[in-house]
Undergrad: 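I'd like to ask you about the structure that follows.
Order of the sequence lines fixes the chain letters, A, B, ..., with proteins taken first and strands second; residue numbering starts at 1 for each chain. Note that the structure is predicted; figures quoted are calculated from it, not measured. Values below: all heavy atoms of this structure, side chains included; hydrogens, waters and symmetry mates excluded.
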Amino acid sequence: MTEELSFQVLDASYEVIGGEPKVLLWSRLHDGRRAALIYEGFRPYFYVILEDEADPGLVAEAVKRVSKPSSPIVSVDVVERLYYGSPVKALKITTVVPASVRVYREEVGELPGVRGVLEADIRFALRFLIDKNIYPMRWYVARAEKAQNPGYYGIRDVYIVKSEIEEDPGKVNVDPLEGLRILAFDIEVYNPRKTPDPKRDPIIMVGLSSYPGSGEPTIIEAEGGDARLIRAFVEEVKKLDPDIIVGYNQNRFDWPYLMERAKIHGITLDVGRKRGGTPQSSAYGHISIPGRLNVDLLDFAMEIGEVKVKSLDEVADYMGVMPKEKRVLLEWWQIGEYWADPGKRRILRDYLRDDVVSTMGLALKFLPFGAQMSQISGLPLDQVMTASVGYRLEWRLMREAYKRGELVPSREERGEETYEGAIVLEPKPGIHGNVAVLDFASMYPNIMVKYNVGPDTLIKPGEDYEGEVNIAPEVGHKFRVDPPGFFKKTLERFLKWRKEIKKAMEKTPKDSPEYRLLDERQKAIKVLANASYGYMGWLSARWYCRECAEAVTAWGRNLIKSAIKKARELGLNVIYGDTDSLFVSYEPSKIEALISYVEGELGFDIKVDKVYSKVFFTEAKKRYVGLTIEGKIDVVGFEAVRGDWSDLAKDTQATVAELVLKTGCTSKAVEYVRDVIRMLREGVINMDKLVIWKTITRRLEEYKAEQPHITAARVMIKSGIRVEPGVKIGYVITKGSGPLYTRAKPYFMANPEDIDVEYYVDKQVIPAALRILGYFGITEKQLKAGGAQRSLLDYFGKKTM
DNA sequence: TTAGGTCGGGG
DNA sequence: GTGTACGACCTAA
């Protein structure tokens with residue numbers, strides 16, 4: 001007996017049962033139950049395209065002959081498809097067991113008459129979602145029958161789908177996260193020798209917070225080893241039964257550590273939704289948990305360019321989730337000490353609580369965008385943010401291709417090919433007052449649409465084409481005007497869709513949940529549309545097209561040149577320009593005229609993005625500091641030093657940035673750097689500030705190149721300290737001769753008088769300072785010139801170094 | 001210069 | 001699982 005179900009698809013997987021593949025749609029039902037919907041009868045397939053002279057019937061016969069009983073080739077059909085827009089005859093080869101495709105594609109690829117194998121590298125569960133037009137996080141309806149023997153899957157509610165699956169029209173604009181349960185977790189591990197070793201160091205605490213919920217995390221502490229803690233953790237996860245599990249870098253730390261500890265104790269870490277559903281390591285460090293969406297929030301953080309150090313406390317601070325000054329901050333090497341000391345253990349607990357609360361806070365900030373990205377790209381939420389924008393666009397393109405009957409090109413290994421990029425004007429160095437920044441809206445996608453750019457519309461060299469063409473300036477590549485190509489069609493849909501959403505947003509109250517939903521959706525569409533140009537120039541792209549990317553930048557250069565020429569004719573002072581933005585003197589009426597020229601004559605949208613009351617340029621491109629009329633400081637192109645520099649370098653750079661921006665000149669900052677150098681040479685800077693941390697990622701004998709942290713690691717091993725992959729090595733550079741790596745020593749084995757002070761001056765302090773001061777023409781010489789002897793209290797107040 | 005190797009986040 | 005990131009930065013040649 002079937003019933004009508006409305007369900008939200010969270011994830012898809014498959015199992016081969018009785019020799020037949022069954023697709024599992026992990027879903028939430030309209031009544032709130034979580035269920036697995038089983039789809040039977042969908043079979044793996046792939047295509048071959050043939051040599052021109054090959055006889056399809058003969059090749060089909062040859063294909064059938066490679067069939068194996070373990071997974072027979074059940075059909076070989078001659079089908080009409082498009083390949084790069086042109087009709088082709090192809091063979092569609094269908095088999096039974098998904099894993100057998102890998103074997104068949106090799107054998108079939110070798111057969112005479114076969115030009116190539118296509119679509120044999122698409123994961124089965126995603127293949128199903130593409131073909132059935134199912135997008136994760138969206139709602140669908142279907143008729144289904146409750147399974148008689150759900151125990152087989154180890155899931156309580158199992159339905160067998162008995163109809164086609166259609167989108168639920170009533171739930172297009174509902175918040176996909178509404179009603180889903182989220183679990184945030186974090187573990188702390190014992191690290192008496194600084195670096196924890198999962199083989200011997202137990203997990204000491206685990207914190208869990210669920211949403212919806214009180215907001216106060218549950219904290220489980222280890223008592224006499226961590227076996228009970230791990231069991232309690234598994235029970236807690238099962239009890240909370242979350243749809244989404246979030247953590248921060250849990251894919252590389254918490255899960256692997258838990259998995260290793262569970263293995264040692266012989267505990268089954270079955271935190272998934274099906275029986276025995278343990279975390280599974282999959283592609284490039286991702287970990288999947290059956291029936292739940294395991295989302296690492298670090299993946300979202302990696303996309304925030306403004307935050308250079310992606311630690312949880314920094315990112316939570318930046319996102320307004322938890323200010324750094326309002327939380328407990330411990331350095332990682334202090335964890336063991338705080339655990340061992342009963343008087344300090346409470347602080348460790350608070351530290352864990354703050355980490356868990358921050359993690360949940362970040363989840364609530366990030367997941368709405370992730371859910372939209374999932375709904376639009378078609379990738380499940382646990383994969384979509386792990387994937388680069390190129391992959392996200394590509395999965396959507398594969399869906400567009402399927403609908404058009406286009407065959408998906410295979411991924412190919414390609415050597416580097418360079419081409420000319422965008423125009424970046426030489427900035428006029430100095431300080432400029434009242435500057436407007438004009439931006440072309442979605443310049444590259446609009447170029448692609450206007451000139452019908454794409455691999456399928458490109459006229460290849462030597463190709464005869466009589467029809468009308470768009471010719472790219474400078475490079476001369478030609479694109480058919482008609483019919484609209486694959487990229488043009490797809491991008492037009494994106495641009496139109498986004499426009500409709502923007503229109504709907506105007507009619508929606510700004511503080512409503514619906515507004516937020518629409519805003520995240522339009523952002524996700526924008527990300528995909530803007531990725532299209534970069535995608536065509538990405539060497540691993542299935543629809544790679546160097547000429548296309550080259551043509552797009554050529555049209556872009558042409559466009560901005562025309563705008564610059566017009567701006568100058570109008571009497572505007574053009575200060576700087578990069579790709580699709582122009583910095584001009586802020587003269588509203590002339591800018592108005594420029595905008596109407598660009599819109600009317602050139603046919604592109606341009607708008608005033610911001611106005612700076614002051615902006616500093618040096619001769620360096622892509623780097624400037626601006627003060628907006630709202631009083632905000634924009635530092636663009638300035639790269640803060642990475643997490644693996646010494647604290648001294650990081651502190652120096654932060655202070656230099658602050659002094660320059662606050663005083664508007666460099667003299668104070670230069671004096672400050674000179675004082676830091678002087679203090680270094682006098683040996684009054686604490687050695688802790690000089691430690692550089694780097695991680696060992698493999699066994700020492702596997703390293704091909706000598707590096708400082710490897711040398712330091714070898715010294716540690718000699719003195720009996722265990723060093724394994726994952727260990728972070730803290731080292732300092734000591735005096736002596738020879739390459740840098742010979743002079744690295746573990747920080748706890750070095751004496752302050754051994755420190756190679758000049759290394760820290762030349763390779764740490766000065767480069768860090770010059771990242772900023774260099775833009776203002778300050779040289780290494782000037783910083784080393786040893787200036788006025790002044791008290792550091794002038795800069796730091798009571799802060800000590 | 002280029003080529004080729006390593007790393008991030010976590011504790 | 002019909003598969004395997006990416007971009008910045010380092011050292012060595």
Undergrad: Within the pair R123(A) and dT4(C), is there a side-chain N or O less than 4.0 Å away from OP1 or OP2?
TA: no
Undergrad: Of the candidate nucleotides dT2(C), dC6(C), dG10(B), which contains the atom at the shortest distance from the side chain of P44(A)?
TA: dT2(C)
Undergrad: Of the options dC6(C), dT4(C), dG3(C), whose atoms approach the side-chain atoms of R411(A) most closely?
TA: dT4(C)
Undergrad: Base, sugar-phosphate, or nothing: which does W255(A) touch, judged by heavy atoms less than 4.0 Å apart?
TA: nothing
Undergrad: With respect to the phosphate group of dG11(B), does any side-chain polar atom (N or O) of Y351(A) fall under 4.0 Å of OP1 or OP2?
TA: yes
Undergrad: Using only atom types and a distance under 3.5 Å, with no angle test, would you say the side chain of Y760(A) pairs donor to acceptor with the backbone of I733(A)?
TA: yes
Undergrad: Salt bridge (Lys or Arg N to Asp or Glu O under 4.0 Å) with R273(A): which residues, sequence neighbours excluded?
TA: D241(A), D243(A)
Undergrad: F46(A) near the nucleic acid: base, sugar-phosphate alone, or nothing, with a heavy-atom cut-off under 4.0 Å?
TA: nothing
Undergrad: Please report the distance separating the P of dG3(C) from the corresponding atom of dA8(C), rounded so that it comes out in whole Å.
TA: 29 Å
Undergrad: Between dG10(B), dG3(C), dG9(B), spot the one nearest the side chain of D186(A), thanks.
TA: dG10(B)
Undergrad: Measure from the side chain of P98(A), starting at C-beta and using heavy atoms only, and say which of dG11(B), dG9(B), dT2(C) lies closest.
TA: dT2(C)
Undergrad: Please state how far atom CE in M302(A) lies from atom C1' in dG7(C), giving the value in whole angstrom units.
TA: 9 Å
Undergrad: Stacking between W332(A) and the base of dG11(B) (centre distance under 5.5 Å, interplanar angle under 30°)?
TA: yes
Undergrad: I want to check one thing: is the phosphate of dG11(B), taken as OP1 and OP2, less than 4.0 Å away from some side-chain N or O of Y248(A)?
TA: no
Undergrad: Under 4.0 Å, counting only non-hydrogen atoms across every strand here, what does Y190(A) touch: a base, just sugar-phosphate, or nothing?
TA: nothing
Undergrad: Counting heavy atoms from C-beta on, name the nucleotide in dT2(C), dA5(C), dG11(B) closest to the side chain of Y391(A).
TA: dA5(C)
Undergrad: Just the rounded figure in Å: distance from P of dA5(C) to CG of D296(A).
TA: 17 Å
Undergrad: For the P atoms, the ones on dG11(B) and on dA5(C), what distance do you get once it is rounded to whole angstrom?
TA: 26 Å
Undergrad: Can you tell me if R252(A) touches the phosphate of dG9(B), counting only side-chain N or O atoms and a distance under 4.0 Å to OP1 or OP2?
TA: no
Undergrad: Do the ring planes of F42(A) and F128(A) sit parallel (below 30°), tilted (30 to 60°) or perpendicular (above 60°)?
TA: perpendicular
Undergrad: With sugar-phosphate meaning primed atoms plus P, OP1 and OP2, does D254(A) contact a base, only sugar-phosphate, or nothing at under 4.0 Å between heavy atoms?
TA: nothing
Undergrad: Taking the C1' atom in each of dG9(B) and dG7(C), what is the distance between them to the nearest angstrom?
TA: 15 Å
Undergrad: Under 4.0 Å between any heavy atoms, over every strand shown, what does I335(A) touch: base, sugar-phosphate, or nothing? Just pick one.
TA: sugar-phosphate
Undergrad: Looking at every strand, decide which applies to Q280(A) at a 4.0 Å heavy-atom threshold: base, sugar-phosphate, or nothing.
TA: nothing
Undergrad: Please report, rounded to the nearest Å, how far the C1' atom of dG11(B) is from the CD atom of E260(A).
TA: 15 Å
Undergrad: Please state how far atom CZ in R127(A) lies from atom C1' in dG1(C), giving the value in whole angstrom units.
TA: 16 Å
Undergrad: Applying ring pair (Phe, Tyr, Trp, His ring centres under 6.0 Å), can you list everything that pairs with Y747(A), at least two apart in sequence or on another chain?
TA: W693(A)
Undergrad: How many Å lie between CD1 on I187(A) and C1' on dG10(B), as a whole number?
TA: 9 Å
Undergrad: Could you state the atom-to-atom distance from CG of L362(A) to P of dG10(B) in whole Å?
TA: 11 Å
Undergrad: Separation of N251(A) atom CG from dA5(C) atom C1', in whole Å?
TA: 13 Å
Undergrad: Using a cut-off of strictly less than 4.0 Å, decide whether S388(A) has a side-chain nitrogen or oxygen near OP1 or OP2 of dA5(C).
TA: no
Undergrad: For the residue pair F185(A) and W255(A), categorise the inter-ring angle as parallel (less than 30°), tilted (30 to 60°) or perpendicular (more than 60°).
TA: tilted
Undergrad: Would you say R399(A) and Y402(A) make side-chain contact, with heavy atoms under 4.5 Å?
TA: no
Undergrad: Whole-Å distance between dG11(B) P and L312(A) CG?
TA: 7 Å
Undergrad: Which part of the nucleic acid, if any, lies within contact of D355(A), taking any heavy atom under 4.0 Å across all strands shown: a base, the sugar-phosphate backbone alone, or nothing?
TA: sugar-phosphate
Undergrad: Give a yes/no answer on whether the side chain of H709(A) brings an N or O atom under 4.0 Å of OP1 or OP2 in dC7(B).
TA: yes
Undergrad: So, does R261(A) get its side chain near the phosphate of dG11(B), meaning an N or O under 4.0 Å from OP1 or OP2?
TA: no
Undergrad: Would you check if the side chain of D197(A) reaches a backbone N or O of K199(A) as a donor-acceptor pair within less than 3.5 Å?
TA: yes
